[in-house]
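Worksheet: the structure to be examined is printed underneath.
Because the structure is predicted, anything quoted here is derived from the model rather than measured. Residue numbering restarts at 1 for every chain, and letters A, B, ... go by the order of the sequence lines.
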Amino acid sequence: MKNIIFVCLPKIETAYPSGALAILSSVAKNNNYTVSIFDYNLDLSEILTESEWDQFDSWNTLANEHLTDQLEQKLKTVFINVLADKISPHTQYVSISVFSYFSNRIAAKVLGWYKENFSIPVIIGGSGISTDTSPNNKEIFGNFIIRQQLADYVIFGEGEITLDQLLKGNANYPGINKNNPVQIENLSELPTPTYEYFDMSKYKNKKILITGSRGCVRSCTFCDIGLTWPRFRYRDAQHIVDEMKKHFYDYGITEFEFTDSLINGSVSNFYRFNELLCEEKQKHPELKPIRYQGQFICRPAQQQKEKNYELMHHAGCSMLITGIESFSNSVRTHMKKHFSNDDISYHLEQCARWGIPNVFLMIVGYPTETQEDHQDNLAAIIKYKNYATMGTIFMIRWGFTMHLYDHTPIMDMIDELGINMDQNIKFDSVYSWSSLTNPGNTLRERIKRRIEIHELCVKLGYPMPRVQEELLILKTLAEKSKELDSRPQRKILLTHTT
Amino acid sequence: MHLVEIANNNIFEYVKIFVNGELVAKDNNVQLLIAKFDYNLPLVIDIEFAPFGIKPIVRFNNFLLNYWLADILLQDHKLSFTVTEHFYTDYKNKDIQGRLAHLNAEEKLTENVLDKYVGINNLYPTLVDSIKNLITK
């Protein structure tokens with residue numbers, strides 16, 4: 001019996017298993033492969049000390065340049081030893097999953113160690129493959145791997161059908177060793193993810209990831225999702241409910257987290273999904289504990305009627321992660337968010353009525369944000385205080401101030417907005433830009449606004465997670481901003497990467 | 001003005017809302033009953049209903065109430081809760097207690113954990129002042 005080993009790279013959530021590997025396991029199973037899972041992410045989280053894990057995370061996410069030799073050796077030893085244990089005479093492929101840009105560094109290391117120690121063909125894929133190699137190396141990571149001959153097969157884009165074709169011997173399928181992937185048209189035709197090869201007892205939460213759609217129906221100026229999935233596609237509602245039921249009956253899973261960029265991209269399909277889940281719960285009361293959460297887009301009230309919220313409540317919607325971004329109409333209009341302040345009020349009112357908590361994601365200092373827009377933010381924080389008290393705004397996250405990412409639509413508006421990035425404080429993106437069309441919006445001003453918002457939110461009792469981490473980054477930005485003022489025209493990087 | 005709503009997926013044979021012992025709304029064969037009233041706090045709210053043994057949705061001033069957080073006492077044929085001037089604060093504090101209960105016991109007391117996972121008690125005034133100094137000087 002042929003065998004394939006799937007490797008999950010850090011750092012991703014350790015409390016529940018990788019959804020990507022679960023669906024790829026299904027693909028392999030359908031091709032008569034047995035599957036072994038090597039959750040390197042989870043193994044490292046258990047083996048490394050807290051300080052080592054933090055050091056590793058900081059290096060992997062580009063905040064820190066160096067790993068100590070000792071830690072690197074430990075990472076290598078774990079990788080080689082665990083993988084060696086999993087390899088059998090039947091193993092045909094080792095397949096490595098690179099979840100995002102923030103796994104590229106460890107992926108490059110792992111491929112090097114693999115090449116030194118093993119000879120079984122290696123496949124690598126995942127979102128990170130199609131991103132830049134690093135902040136200072138704009139070569140697409142997958143191309144870098146091919147050029148360096150670090151893997152036998154590099155899979156660009158979505159992996160399910162491509163892996164299926166590769167396992168069937170079709171190594172010329174688009175997306176294999178060439179950055180020309182074909183986007184999957186019908187998500188409902190993909191196999192149902194299987195967790196039979198995972199040791200589910202190792203995961204703390206009885207929760208798994210589920211995919212209802214890929215891509216987005218918006219083209220928000222600050223977001224690069226269009227790079228990964230140019231078009232929005234969704235699964236049939238019945239298909240999603242069937243998958244939830246399967247995982248409930250097979251593994252007792254009651255918590256589902258959607259991987260979608262937005263769970264209500266198709267209002268009608270989302271409505272149908274909630275309706276079906278409610279019906280299933282009525283028919284099979286044992287399904288009642290099932291709950292779900294996901295990213296959500298606030299929509300105009302006429303598109304998201306009260307019945308939708310009522311169904312979400314009865315279906316078990318336990319949390320929405322909602323990209324509000326700004327409480328200013330004009331800022332959101334420029335962002336192309338397509339909803340108004342009245343729509344936000346309506347959304348909150350409905351969520352309060354149906355007990356649906358939200359995590360609001362916000363951006364301070366968008367390029368068009370004026371002092372007046374900032375005042376809109378402060379006024380809304382005061383206006384919506386009761387929603388924070390009663391848990392409708394379960395948490396709010398204000399981030400590090402607006403930073404500019406490559407491959408986002410706003411980078412095509414640089415001329416229009418008069419954006420200057422010459423004085424470049426760069427982390428994984430550019431923080432220190434200025435705008436000729438909105439000259440008051442300097443990095444210092446953005447930090448000032450961010451601090452004002454922080455103080456007001458704390459005063460009014462808004463839960464805000466990871467504030468210390470965010471403030472420390474803001475402090476670093478403030479220090480660099482001061483350096484920039486004394487040394488104009490120089491580029492200052494928060495990190496130097498190869 | 002205050003607003004109390006009680007709703008159920010199936011029809012109530014009868015439902016009555018009492019505030020401080022006084023009947024403020026009643027109806028038969030409905031799924032929803034709303035009472036608007038203008039009483040001073042504290043409010044002792046009792047809602048009687050049939051059929052017995054159900055767990056209806058309860059809203060106070062348009063917020064769906066979690067039974068545990070709002071200290072709603074549910075009996076076979078009625079439910080009761082009290083709204084004092086501290087109602088919202090008490091509700092929130094209990095919510096925070098619930099969030100803390102999800103953390104590992106040994107983690108609960110550290111400031112870092114409260115910040116990271118619950119998002120409270122995190123003004124960090126020294127850090128904030130140092131940032132302010134950097135951007136104003």
Answer yes or no: is there a side-chain heavy-atom contact under 4.5 Å between B:Lys116 and A:Pro465?
no
CD1 (A:Ile447) and CD1 (B:Ile131) are apart, to the nearest 0.5 Å, by 7.5 Å
Honestly, the part of A:Ile356 sitting under 4.5 Å from a heavy atom of chain B is neither
**Asked** Do A:His313 and B:Leu64 touch side chain to side chain, with heavy atoms closer than 4.5 Å?
**Response** yes
Applying a strict 4.5 Å limit to non-hydrogen atoms, the region of A:Tyr462 in contact with chain B is backbone
Worksheet item: Are the charged groups of B:Lys132 and A:Glu452 less than 4.0 angstrom apart, N to O?
Response: no
If one checks every heavy atom of A:Ile451 against chain B at 4.5 Å, the contacting part turns out to be side chain
_Pairwise side-chain contact, B:Leu127 with A:His454, heavy-atom cut-off 4.5 Å (strictly under)_ = no
Are the side chains of A:Met395 and B:Tyr117 in touch, meaning some heavy atoms are under 4.5 Å apart?
no
When the 4.5 angstrom heavy-atom criterion is applied to B:Asp95 and chain A, the contacting part is side chain
Heavy-atom nearest pair, B:Asp115 first then A:Val467, reads OD1-N, 2.9 Å
Decide yes or no for B:Leu69 and A:Met390: does some side-chain heavy atom of the first lie under 4.5 Å from some side-chain heavy atom of the second?
no
Honestly, the part of B:Asn121 sitting under 4.5 Å from a heavy atom of chain A is neither
Min side-chain heavy-atom separation B:Phe63-A:Asn386 under 4.5 Å
yes
Highest number of heavy-atom pairs under 4.5 Å with chain B among A:Leu474, A:Leu472, A:Val458 belongs to A:Val458
Here the pair of heavy atoms bringing A:Thr389 nearest to B:Tyr88 is CG2-O, 3.4 Å
Pair count under 4.5 Å, heavy atoms only, with chain B: among A:Arg466, A:Glu479, A:Lys459, A:Lys475, highest is A:Arg466
CZ of A:Arg450 to CD1 of B:Ile135, rounded to nearest 0.5 Å, is 12.0 Å
Identify whether the distance between the nearest side-chain nitrogen and carboxylate oxygen of A:Arg353 and B:Glu5 falls below 4.0 Å.
-> yes
When the 4.5 angstrom heavy-atom criterion is applied to B:Leu123 and chain A, the contacting part is both
